[in-house]
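Numbered from 1 within each chain, the chains take letters A, B, ... in sequence-line order.
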Protein chains: 2
Amino acid sequence: MTAGPACTGRREHARLRSVSLTHIQSFIAVAEEGHVGRAARRLHLTQPPLSRHILALEDELGTRLFERTRNGMRLLPAGEAFLLHARRILAEVDAAVHTVRGVAGSHTGG
Amino acid sequence: MTAGPACTGRREHARLRSVSLTHIQSFIAVAEEGHVGRAARRLHLTQPPLSRHILALEDELGTRLFERTRNGMRLLPAGEAFLLHARRILAEVDAAVHTVRGVAGSHTGG
DNA sequence: GGCGGTCATTCCGAAACAGCATTGGACGCC
DNA sequence: GGCGTCCAATGCTGTTTCGGAATGACCGCC
């Protein structure tokens, strides 16, 4: 038996061991800006870690999300598909936070 | 009052600086198990970090999500509201991964 | 009063992360 | 064709974050 966590005995939510909201945010920024460096500034980050975010995401998904051109990054079809989901995920998180605050407020503050 | 990075100069996706998919996963596990320790085992984790995840989430949301009883953790209304969103978020992530793999496969594998 | 079970806290070592400096590739210019 | 420019990728290092063992605090039970 493997010694690592690869037992797969549990059927939790599959792996999202690596996909993080930070990576998703980074992906969206790069997709919208078309440049890693510019997206980095928008996120108050520097270029190298942002570049690594994208690489990690692509590695996790097993597919290239962007085409590297000499003008920057262009979305590939897989990237465009992911972008739709990515936006929805962040919107869901936003909604979750908002909802909880609303519920809490109505219960504590009337 | 908190003097954090409340500049809000950028109107990105607001803050989700702290809310992470790991925390959401932890929250769901605790909500379903009703015990931090048991949820920890299910996640192949130990109790202290999991306890911290919940505390961090509650801190981030500004509200208690669970009622601490001597028998474990019981969901408060705010927690129940968050649970619905939490499940949807993870499902969205799952769908995103699935979709991207599908798109990539159809483009590379024919 | 001792015991078992629960979550919260403290401390420490390891892994992850961001940033700096640099490299490598592609194109335009002269 | 060599050189400078613009872009992303990589090596390396300091810092931060994170997980885990041990411990504390609380409560019911016997």
OP1, OP2 of C:dC17 versus side-chain N and O of A:H53: anything below 4.0 Å?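 For C:dC17, OP1/OP2 do not have a side-chain N/O of A:H53 under 4.0 Å.
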
Could you give all pairs that pass the ring-ring contact (aromatic ring centres under 6.0 Å, His included) test and reach residues 67-88 of chain A, with sequence neighbours left out? A:F27-A:F82

Quick check against the 3.5 Å criterion: does A:T99 have a side-chain atom that pairs as donor or acceptor with the backbone of A:A95?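 Confirmed, A:T99 side chain pairs with A:A95 backbone.
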
Tell me, please, the opening and closing nucleotides of DNA chain D, 5' to 3', among those with an atom under 4.0 angstrom from a non-hydrogen atom of chain A. D:dC7 to D:dC12

Calculate, to the nearest 0.5 Å, the distance between atoms CG and CG belonging to B:L65 and B:L55 respectively.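 So the gap between those two atoms works out to 10.5 Å.
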
Rounded to the nearest 0.5 Å, what separation is found between the NE2 atom of A:H23 and the CG atom of A:L50?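 CG of A:L50 is found 9.5 Å from NE2 of A:H23.
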
Output all residues satisfying salt bridge (charged side-chain N to carboxylate O under 4.0 Å, His left out) with [X], sequence neighbours left out; order by chain, then residue number.
X	answer
B:R38	none
A:E33	A:R42
B:R41	none

Any protein N or O atoms within reach of nucleotides 7-13 of chain C? Criterion: under 3.5 Å, listing atom names and distances.
from, atom 1, to, atom 2, distance (Å)
C:dC7, OP1, B:V36, N, 2.5
C:dC7, OP2, B:G37, N, 3.4
C:dA8, OP1, B:R68, NE, 2.6
C:dA8, OP1, B:R68, NH2, 2.9
C:dA8, OP2, B:S51, OG, 2.5
C:dA8, N7, B:Q47, NE2, 2.8
C:dA8, N6, B:Q47, OE1, 3.1
C:dT10, O4, B:R52, NH1, 3.2

Could you tell me the separation between the CG atom of A:L50 and the P atom of C:dC20, rounded to a whole number of Å? 14 Å

Candidates B:V93, B:L83, B:V19 - the one meeting side-chain contact (heavy atoms from CB on, under 4.5 Å) with B:I24: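 The passing option is B:V19.
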
